[in-house]
Number of protein chains: 2
Amino acid sequence: MMAAVNRKNAAPTIRAVASEAGVSVATVSAVINQTRFVSAETARRVNEAIKRSGYRPNRLARGLSTRETKTIGIVMPTILSPIAPLLLKSAADVLHEHGYAVLFSNTEMQTTWEEQAIELMFDSQVDGLLVVPASETLESLKLFSDARKPVVLLLHGLEGASGCDVIRSGNFRGSFDAVNHLIGQGARRIAVLALPLVSESEKDRMNGFRTGVLAAGRTLDPELMRVGAPSESGASEDHGYRETLRLMDLDDPPDAIFAMNQYMAIGSLSALKELGLRIPTDVALVGYDDLIWTKNLEPPMSVVAQQVELIGRMGATRLVHRLAENNHHSPAESVTVDTQLIIRASSNRDALTPSIDMENTPK
Amino acid sequence: MMAAVNRKNAAPTIRAVASEAGVSVATVSAVINQTRFVSAETARRVNEAIKRSGYRPNRLARGLSTRETKTIGIVMPTILSPIAPLLLKSAADVLHEHGYAVLFSNTEMQTTWEEQAIELMFDSQVDGLLVVPASETLESLKLFSDARKPVVLLLHGLEGASGCDVIRSGNFRGSFDAVNHLIGQGARRIAVLALPLVSESEKDRMNGFRTGVLAAGRTLDPELMRVGAPSESGASEDHGYRETLRLMDLDDPPDAIFAMNQYMAIGSLSALKELGLRIPTDVALVGYDDLIWTKNLEPPMSVVAQQVELIGRMGATRLVHRLAENNHHSPAESVTVDTQLIIRASSNRDALTPSIDMENTPK
DNA sequence: TTGTACGCGTTATCAT
DNA sequence: ATGATAACGCGTACAA
């Protein structure tokens, strides 16, 4: 009978390599992880055995033993939002560069699933977590704080998650700047198409808007504030379209519209054009997020742009550092990444004198 | 002295639960996995102990023992392509519904990294793999076939991967239909802006174009075939812009352009408008992939649309079924999901009589 | 410089 | 109906 070494078709284990090379498993482990000195000759034999057998270390077993999986979880409410792919990519790139695998979960805005996704990642023993929170609060994050595993929040904070690092996007300031810009362009009545005020981001955007209006000595007209758009892109666009028609049907319609996501902005644009209104002369328009095609619209649209890539990179980097330095105890850090107001024709009354629109011309 | 059960701050193990409930670990395991009968009373005690201790099964340990991780890997060349997010979402949704975790890797078009990513997933003991191949061949997939682990290819096949299921997109037919449509609109000289011919998708698209032209009794003019665009969106757009300017500068310029990705199509559109050409009268234009904003361009753009969501769902479903039925040996399946030609104003000369463009009007 | 043996947290195979 | 205990594949004290 043969030793229990060669179960048919099973992947070779470290033990198989050890016996193949005529050394102990400790030695094999040592040469793989460079964890202690091994004589050149022994190392050579081991490496040869590894190559011959096609041995590959089992990350599960390693993780079980070391209590480190070199895996981090990323959970976001929807990968279909226009900025999500870049956020995922920039974060994942950094993580991959540092040898981490990425466990991903799209929670599709479902509160319960968001919790479950986080639990799933915890159970998978991820070393840390990157979260774009959708809910107002996340019970399951307690699992991570109890286990002293680092969590970094992206885009906005979360109630009761004071222990987490947060890489915020400057939503308040972004809206505030947009309103100021519109006022500077002579807008008297500014309408807003806002998202449902659930997460910090949306609240901040709305507060920025309010503050901007009030700070300019204007009053807030509830009729001009349409809160609560569907999140799905097509539905959101329809919403922007319809609400704009209603707004322009008011006795005293707005002469500027600030849409807090880009799909609503597009719908709004369609409606304005359909009504035969001149943009920005009759109504100035500012949207949110600078997507690749935003500048190709007619007219090119002004937007509040978030530095999505930077946010993703910073979040991942923060996590990697915490993990590397066993930096689990230093106080949570909070950073806000500024937004940038990009002014294009849709809101630029100053530039109405015929001129070349540089933005619309590829280099 | 106390038993080695309560290492400070360590997560409770199945052993802790067992002793807490006064039963053996086998019993605890049994109630968790419903793997054998347990008396109601015992089960109650166990469940209580689980709840009290906050015990959560360790998926690593479970995977090590069962050789099933309930995790599948998804690797794609870039999440920034316009169709990638939907592909990821639709696949991940199906997988999540079936209790699978998703290990994700963006390989950013790097051939070596693509291999490494697949190896990483293999080492992580994923149960199966979903791949959008970027390279012409993938050595590392051999790891999976050797281990009899299922792999499903998405969007297009791969040389030497005959063992894998493939959910193809109908690229050949898509291009073929586009050309036929343009010819039907009276186009005499059709130019093409093609992607680098590396993966099967791009080759198929190009072949569809060639076949369409030849089948109509026309000849292929190399001057009208511009192959090799950058993959990054902005660069791709610039490329489309520049190549279009050159095309229109020919002695005998084209009267129709087929752009094989949507960014090139946008660049092309910019160039045509800048040249003061009428679309589709002077030049008809057809792009690829129906993005949310494609219909909002001026004029709304015709495209070859891929059924991305369906492809993602089918791929994930196929994988889940193979896993569920231990269906690892049935022959590889190959399916092609049809593309759909969506005709809009940019190529529709028939509809040039003034009329309402329904597509451009939200419901 | 290298080897032995135990632990990581489960599941699964025997017994009982 | 339940309990002991051997895998699973690896890292790592502790020995030698």
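Just the heavy atoms: all of them, side chains too, but no hydrogens, waters or symmetry mates, feed the values below. Remember, it's a predicted structure, so these values are computed and weren't measured experimentally.
In this view, Glu97(B) satisfies the salt bridge (charged side-chain N to carboxylate O under 4.0 Å, His left out) rule with no residue, not counting sequence neighbours. Shown here are the salt bridge (charged side-chain N to carboxylate O under 4.0 Å, His left out) partners of Glu139(B), two or more places apart in sequence or in another chain: there are none. Residues that satisfy the side chain to side chain donor-acceptor pair (under 3.5 Å) test with Asn47(A), not counting sequence neighbours, are absent from this structure. Scored by the salt bridge (charged side-chain N to carboxylate O under 4.0 Å, His left out) test, Lys89(B) finds Glu108(A), Asp93(B) as partners (sequence neighbours excluded).
Contacts classified as ring-ring contact (aromatic ring centres under 6.0 Å, His included) and involving residues 140-162 of chain B (residues at least two apart or in different chains) are given here: Phe122(B)-Phe144(B).
Proximity of Thr27(A) to the phosphate of dG3(C): a side-chain N or O atom is located under 4.0 Å from OP1 or OP2.
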Next on the checklist: Using a 4.0 Å heavy-atom cut-off to protein, can you give one letter per nucleotide of nucleotides 10-16 of chain C, 5' to 3': B if the base is in contact, S if only the sugar-phosphate is, - if neither?
Outcome noted: BBB-B--

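Rounded to whole Å, the distance from CG on Asp123(B) to P on dC8(D) is 19 Å. Between the CD atom of Gln34(A) and the P atom of dT12(D) there is a distance of 14 Å, rounded to whole Å. As rounded to whole Å, 9 Å separates atom C1' of dA7(D) from atom CG of Leu64(B). The separation between Gln125(B) atom CD and dC10(D) atom C1' is 11 Å, rounded to whole Å. With rounding to whole Å, Leu60(B) atom CG is found 12 Å from dG9(D) atom C1'.
Side-chain atoms of Ser39(A) come within 3.5 Å of backbone atoms of Thr42(A) as a donor-acceptor pair (strictly under, hydrogens ignored).
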